[in-house]
Amino acid sequence: MEIRETHPFDLTPAEAIRLQETLRARVRLAGDIGEVSLVAGADASYVKGEDVIHAVVVALSYPDLTVVERVSAAAVTPFPYIPGLLTFREGPALVEAFRRLQSEPEVIFFDGQGIAHPRGLGIASHMGVLLDRPAVGVAKSLLVGTAAEPAVGRGSTAPILRDGETIGMAVRTRKRVKPVYVSVGHRIDLSQAVDLVLATARGYRLPEPTRQAHLFANEVRRWEGQTTLSSSTK
DNA sequence: GCGACAG
DNA sequence: ATCTTGTCGC
């Protein structure tokens, strides 16, 4: 993908927060996805004590969900993990991975929040704005807000509320399994985002794009995350 | 000041 | 995110 916009990620936490407050104004909470033929999932993995992030993007055809392309990129991160500033840790590697992606997915799933974030700019919204693509945040837990427990059946939902405002949706993708927390990333509305998550969740808690990205990220990490580091370090 | 806190 | 095997339940 062509990425026309980017910015420095090597900032202080205070500067990063200021940048988020500026970028949040550019997030679009609506937009018609139109016909979807390609969906992508992005994720990152790393070795516990190291500062090398392995980011991946996996593109799947829709609605059959066949993996059609997988790319990865490794980058030294300038940030530790700080709740609310995840994008500054994984962003550099993710941007490079997207640059290597030949496919043009109509929508991208990110591992984390969209607007359900302290400043309304979780990783899905932040990356969505930089890529100028429809993006959806699919998180395994909440960062801000509260949600009632959805009914036990697959497809049940419960709004994620914050100050009486609906900022996302808890979605049960499998019967009796902990829900995933979906929030708008960019250029898509919550309803379409939830529908797409349910349409791509088949037999597992995580929707297929996210699940495939997870699997590939781990694969890449121990394939290159040991060979490259230990054999090129000396 | 004391907790909470995506990945 | 990562560290880790088996095990209980649908």
Under 4.0 Å between a side-chain N or O of [X] and OP1 or OP2 of [N]?
X: A/Asn218; N: C/dA1; answer: no
X: A/Ser141; N: B/dC5; answer: no
X: A/Arg221; N: C/dT2; answer: yes
X: A/Tyr81; N: B/dA6; answer: yes

Less than 4.0 angstrom from a charged side-chain N to a carboxylate O is my criterion; do [X] and [Y] meet it?
X: A/Glu149; Y: A/Arg172; answer: yes
X: A/Glu219; Y: A/Arg70; answer: yes
X: A/Glu208; Y: A/Arg211; answer: yes

Classify the nucleic acid contact of [X] as base, sugar-phosphate or nothing, counting any heavy atom under 4.0 Å across all strands shown.
X: A/His214; answer: sugar-phosphate
X: A/Gly84; answer: base
X: A/Leu121; answer: nothing
X: A/Leu142; answer: sugar-phosphate

Minimum-distance nucleotide (side-chain atoms of [X] versus [options]):
X: A/Lys140; options: B/dC5, C/dC10, B/dG7; answer: B/dG7
X: A/Pro83; options: B/dA6, B/dG7, C/dT2; answer: B/dA6
X: A/Asp111; options: C/dT2, B/dA6, C/dA1; answer: C/dA1

Rounded off to whole Å, could you give me the [atom1]-to-[atom2] distance for the [X] and [N] pair?
X: A/His117; N: B/dG7; atom1: NE2; atom2: C1'; result: 12 Å
X: A/Arg162; N: B/dA4; atom1: CZ; atom2: P; result: 18 Å
X: A/Arg176; N: C/dC10; atom1: CZ; atom2: C1'; result: 7 Å
X: A/Phe79; N: B/dA6; atom1: CZ; atom2: C1'; result: 15 Å
X: A/Leu86; N: B/dA6; atom1: CG; atom2: P; result: 10 Å
X: A/Tyr46; N: B/dA6; atom1: OH; atom2: C1'; result: 11 Å
X: A/Lys178; N: B/dA6; atom1: NZ; atom2: P; result: 10 Å
X: A/Ile115; N: B/dA6; atom1: CD1; atom2: P; result: 18 Å

Give a yes or no on whether the backbone of A/Arg89 and the side-chain of A/Thr77 come within a donor-acceptor separation of less than 3.5 Å.
-> yes
Output yes when a side-chain donor or acceptor of A/Thr173 lies under 3.5 Å from a complementary backbone atom of A/Arg205, and no otherwise. yes
